[in-house]
There are 2 protein chains.
Amino acid sequence: MAAVKAHTADLATRLVDEAGRVLSEEGAVSLTLRRLAGRTGTSTMAVYTLFGDKQGLLAAMYREGYARLGAALDAAALGVDDPLTALATLGMAYRETALANPHLYDLMFGRPVPSFEPDPEAKAVADASYRPLVAAVQRCLATGALVGGDAERTALHLWAVSHGMVSLELAGHIQGDAAQRAALYTDALIYASVPFLPPEQPPSPPRR
Amino acid sequence: MAAVKAHTADLATRLVDEAGRVLSEEGAVSLTLRRLAGRTGTSTMAVYTLFGDKQGLLAAMYREGYARLGAALDAAALGVDDPLTALATLGMAYRETALANPHLYDLMFGRPVPSFEPDPEAKAVADASYRPLVAAVQRCLATGALVGGDAERTALHLWAVSHGMVSLELAGHIQGDAAQRAALYTDALIYASVPFLPPEQPPSPPRR
DNA sequence: ATCAGATGAATAACGATGTTATAGTCAGTC
DNA sequence: GACTGACTATAACATCGTTATTCATCTGAT
């Protein structure tokens, strides 16, 4: 039974991985169970026995997307000493992760299916991916690099700015080439942090 | 022929309206051509003769959504004298419009179909909905209520904050009841404007 | 070692969807 | 009054998600 469980678990991760690959390469329309079965060398029934139905697979992808986002943010902040630099690194990692898998990002933050209400566990995973940002803000508050006291509220604002810019960019509403869009994103992060910077050292005006 | 054209144009608008209603009431999954044909008293072929295919209908809904968003913003800013108040009114109207039709908002800012690249006309409509915000910022710059000079850049940041907060709220990432969420949104608008407020009058700390 | 029982996957079938092909209907024209 | 043309309704097709049925494989006890 252990071998069976390992096999099914392996097949489950393989299905989630391959589904993410199809999603990134061909989009949500091409993510059919038959295509997925063909690419993983199994049948459509694997999804039903392992995830219940297609929505179960999408829910697993939702969880996996947030888990990877949280891991990417954790890895980005790791080893960066300066708290403000760590915060900026988090912001850049957020954008890169989103742009690397736009369809997965859409699945995570959009509502492709109206009846798709993430279960509490999925919501917990989603909220967990948000913790590295709160931790980085708390580090800044502890060192005085940021002021304001409310780490949760500050982190939420930084998240909203990052997510808003990334979402607008993915929707095609940010003009300019890749370098210009990256610069606009950096500027947005600077703008977002202005209300929380200590008044002693006024912020340098953003470039461009 | 004029009567025919008027009839078809009327049928086209009726299809777009009814599709938006189905989208709001039952979600994207229930937006099928047969259901739409049943509710409008016609057949599935109407979509093909009037819009080419279902994507054409979605593109028309995309354009209509942005057109209504722009109209709502225009109407909101109309008759508000104080430039900063007008800007804040725009921000509130943006959120209300988005929350009133979450699925339409998702269609506008998400990418439900990977091959759905809005045609230039649709992009023009989308960009036009953005102009009232730029105009309101320009009014603030003219009166000195905001400083910085670059109206486009300032408006983009305000848009990113509004869109980011609304998108996070629609995705269920903003905790609290409706009043708390509205207050968080208001605070976010205040934070967003801080970098562009004149230094003479430091901003009052946001409530909560 | 063998066999009953069970668990999971493969095959086939069903209803529904987007789309296309075909036939029908009505306006305006000579 | 037949005709052309545009638009619509009906029917058929391929494919999708899903389910029912059958088949294979593994487990555990004798």
Side-chain angles (χ1 to χ4, degrees), chain A residues 1-23 25-62 103 107 111-117, chain B residues 1-23 25-62 103 107 111-117:
Chain A
M1 177 153 128
V4 171
K5 257 198 172 173
H7 168 252
T8 58
D10 183 52
L11 180 58
T13 59
R14 242 178 50 219
L15 281 173
V16 172
D17 285 349
E18 195 66 33
R21 216 164 296 141
V22 174
L23 198 63
E25 294 173 3
E26 314 178 35
V29 170
S30 300
L31 183 55
T32 70
L33 296 186
R34 286 173 176 82
R35 181 169 314 222
L36 195 58
R39 289 179 62 143
T40 53
T42 174
S43 76
T44 62
M45 280 308 298
V47 169
Y48 289 89
T49 57
L50 292 174
F51 301 100
D53 55 2
K54 190 182 181 182
Q55 281 202 31
L57 172 66
L58 293 176
M61 296 172 67
Y62 175 95
H103 292 102
L107 174 69
R111 290 161 311 294
V113 176
S115 62
F116 174 62
E117 190 70 19
Chain B
M1 176 154 129
V4 172
K5 257 198 173 172
H7 168 251
T8 59
D10 183 51
L11 180 57
T13 61
R14 241 177 52 218
L15 281 173
V16 171
D17 285 349
E18 196 65 34
R21 216 164 297 142
V22 174
L23 198 63
E25 293 173 4
E26 313 179 36
V29 170
S30 300
L31 183 55
T32 70
L33 295 187
R34 286 175 176 80
R35 180 168 314 221
L36 195 59
R39 288 178 64 141
T40 53
T42 175
S43 77
T44 62
M45 280 308 297
V47 169
Y48 289 89
T49 57
L50 292 174
F51 301 100
D53 55 2
K54 190 181 181 182
Q55 281 202 30
L57 172 67
L58 293 177
M61 296 172 67
Y62 175 95
H103 293 103
L107 174 69
R111 291 161 311 297
V113 175
S115 61
F116 175 62
E117 188 70 20

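Just so it is clear, the structure is predicted and the values come from calculations on it, not from any experiment. A, B, ... follow the sequence lines: proteins, then strands. Residue 1 opens every chain.
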For A:Thr44, enumerate each residue passing the side-chain contact (heavy atoms from CB on, under 4.5 Å) test, keeping only those at least two apart in sequence or located in another chain. A:Leu33, A:Arg34, A:Ala37
Would you give me the side-chain donor-acceptor pairs under 3.5 Å for residues 15-23 of chain A, sequence neighbours excluded?
residue: A:Asp17; atom: OD1; partner: A:Arg68; partner atom: NH2; Å: 2.8
residue: A:Glu18; atom: OE1; partner: A:Arg21; partner atom: NH1; Å: 2.7
residue: A:Glu18; atom: OE2; partner: A:Arg39; partner atom: NE; Å: 2.7
residue: A:Glu18; atom: OE2; partner: A:Arg39; partner atom: NH2; Å: 2.9

B/S/- contact track for nucleotides 11-21 of chain C, protein heavy atom under 4.0 Å: B-B---BBBBB
D:dC7 phosphate, OP1 or OP2, under 4.0 Å from B:Thr49 side-chain N/O: no
Net bend of the helix from C:dA1-D:dT30 to C:dC30-D:dG1, end axes of five pairs each, nearest 10 degrees: 10°
d(A:Leu50 CG, A:Thr42 OG1) to nearest 0.5 Å is 8.5 Å
For atom CG of A:Leu15 and atom P of C:dG8, their distance in whole Å: 15 Å
With salt bridge (Lys or Arg N to Asp or Glu O under 4.0 Å) as the rule and sequence neighbours excluded, what pairs involving residues 48-61 of chain B come up? none
Tightest non-hydrogen contact, residues B:Phe51 and B:Ala60, listed as CE2-CB, 3.7 Å
If I take atom CG in residue A:Leu36 and atom P in nucleotide C:dA10, what distance separates them, rounded to the nearest angstrom? 12 Å
Once rounded to the nearest 0.5 Å, what's the spacing between atom CG of A:Leu107 and atom CG of A:Leu31? 9.0 Å
